[in-house]
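Contents: one structure, followed by commentary.
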Amino acid sequence: MTTETPPRSTTTDALWNSRFLRACRREPVDATPVWLMRQAGRYMAEYRSLRSRVSFLELCKSPELAAETTVFAAEVLGVDAAILFADILLILEPLGFHLEFPKGDGPVIHDPIREADDVGRLRPLEDVGALGFVYEAVGKIRAGLPGTVPLIGFAGAPFTLACYLIEGGGSRNYQRAKTFMYSNPGAWNDLMTVLVDSTAGYLNAQVAAGAQAVQVFDSWVGSLGPDDYRRFVLPHMRRLFQMIDPTVPRIHFGADTGSLLELQRDAGGDVIGLDWRVELDRSWERLGPDVGVQGNLDPIVLFAPRDEIARQARRILDQAAGRPGHIFNLGHGILPTTPVDNVRALVEMVHEFSAR
Ligand code: CP3
């Protein structure tokens with residue numbers, strides 16, 4: 001990301017000067033920007049009502065409904081950025097895998113990668129048009145959002161996607177994925193290379209369609225120790241960040257990565273996402289002054305009494321101490337039974353407590 005770059009075609013002056021994009025560039029802001037991972041979802045009655053009529057995949061593949069869902073959540077919450085309604089796993093379909101979200105269960109990837117030879121089944125996403133419904137949704141969201149609210153595009157990181165492709169779904173220990181990685185380093189590199197190329201094309205197409213920033217979700221990378229991250233993930237993440245359009249801020253999020261923060265920073269990103277298991281001030285010191293930080297309230301705190309929510313929001317803002325480059329968020333996504341009123345109250349508190 002370059003501070004000097006003039007606003008791009010989809011980034012008007014009003015967007016360029018928004019709190020969120022200013023914070024991404026580590027410029028001073030009038031109040032700390034806040035948005036929340038999974039801000040559109042089952043904790044909202046309107047979302048549940050929509051989902052009673054259409055399946056999750058139908059919703060993701062309808063640009064109209066995906067756009068409505070994104071814009072509605074951003075409006076109701078009064079957040080400083082919207083995030084595209086989609087899923088990190090959508091890219092696996094054009095790569096050649098059959099994806100399903102069974103009712104009440106986690107996602108399933110049918111016929112997963114089990115042997116080194118299976119990597120050959122992966123079709124590189126050269127034709128980014130394969131996910132045209134996502135880019136169409138981005139255009140509709142941009143048209144539906146106020147001219148001051150930036151839109152964040154996103155994708156899954158190659159390690160997290162590889163875990164899904166090899167495990168065939170969620171996992172506790174990532175035993176299959178990690179065994180594959182240790183046993184077939186060559187095939188692992190080939191797999192990660194295809195995922196990086198495809199993900200970079202996917203993210204850049206979202207930017208071209210109207211996203212003002214992107215977030216890369218490496219949700220499961222915290223299952224690796226530092227040496228494994230260095231060997232099996234870092235070179236690929238570095239290449240991914242080098243390939244993403246440098247005119248938009250890139251947020252690099254991982255969960256449970258307290259032992260990997262410096263390595264994640266070295267891999268790339270203008271803003272590093274922190275979960276609640278680390279202290280924001282101490283982590284920012286470790287990361288150094290050249291990146292912003294996003295986070296890091298425990299999503300479970302949103303189930304607590306208001307005074308506890310306020311206490312913890314203040315603590316995080318105190319740890320950021322008004323330094324340019326903090327974006328308030330949760331340490332991971334909002335849980336499905338979270339009280340909506342507490343979410344709205346949190347957004348108000350962040351703005352009120354941080355007003356300069
Ligand atoms: O943040 C947002 O509001 C944007 C939408 C968004 C979704 N998924 C919608 C969704 C985003 C950014 C994601 C990312 C995602 N998806 C991640 C990375 C973030 C993280 O939590 O670490 C991961 C690991 C996935 C994969 C995924 N998708 C799982 C494991 C599940 C099932 C678990 C669950 O929470 O239901 C999904 C389904 C999913 N993705 C839902 C939503 C709103 C729920 C679907 C439904 O039943 O309506």
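Whatever order the structure lists them in is the order used to number ligands and atoms, beginning at 1. Owing to the predicted nature of the structure, the values given are computational and were not obtained by experimental measurement.
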Check: Under the 6.0 Å and 45° cation-pi test, does R231 pair with W188?
Finding: no
Checking heavy-atom distances from atom 2 (C) of ligand 1 to each of K103, Q215, R48, R38, the winner is R38
The protein heavy atom nearest to atom 20 (C) of ligand 1 is H332 NE2, 3.1 Å
Filtering L57, I88, V54 for the heavy atom nearest atom 14 (C) of ligand 1 leaves I88
among protein heavy atoms, the one nearest atom 11 (C) of ligand 1 is F154 CZ, 3.6 Å
Assess P107 for proximity to ligand 1: is some non-hydrogen atom of it under 4.0 Å away? yes
If we number the atoms of ligand 1 from 1 as shown, the ones under 4.0 Å from a heavy atom of F101 are 28 (N), 37 (C), 38 (C)
In short, V34 meets L36 closest at the heavy-atom pair CG2-CD2, 4.2 Å
A student comparing I83, D87, L84 should find that the heavy atom closest to atom 8 (N) of ligand 1 comes from D87
Open item on the list: Would you say T32 and R356 are linked by a side-chain donor-acceptor pair, where the criterion is simply a distance under 3.5 Å?
Closed with: yes
Residue pairs meeting ring-ring contact (aromatic ring centres under 6.0 Å, His included), one or both in residues 246-268, sequence neighbours left out, come to F217-F253, F241-H252, F253-H332
query = For G170, is the nearest heavy atom under 4.0 Å from an atom of ligand 1?
reply = no
* CD/Q175: more than 12 non-hydrogen atoms of other groups inside 6.0 Å -> no
Looking only at heavy atoms, the pair that brings L335 and Y43 closest together is O-CB, 3.7 Å
One should read off an interatomic distance between L346 CG and L77 CG, to the nearest 0.5 angstrom, of 9.5 Å
query: Does ligand 1 have any atom sitting under 4.0 Å from a heavy atom of A86?
result: yes
For atom 45 (C) of ligand 1, the closest protein heavy atom turns out to be F56 CD1, 3.5 Å
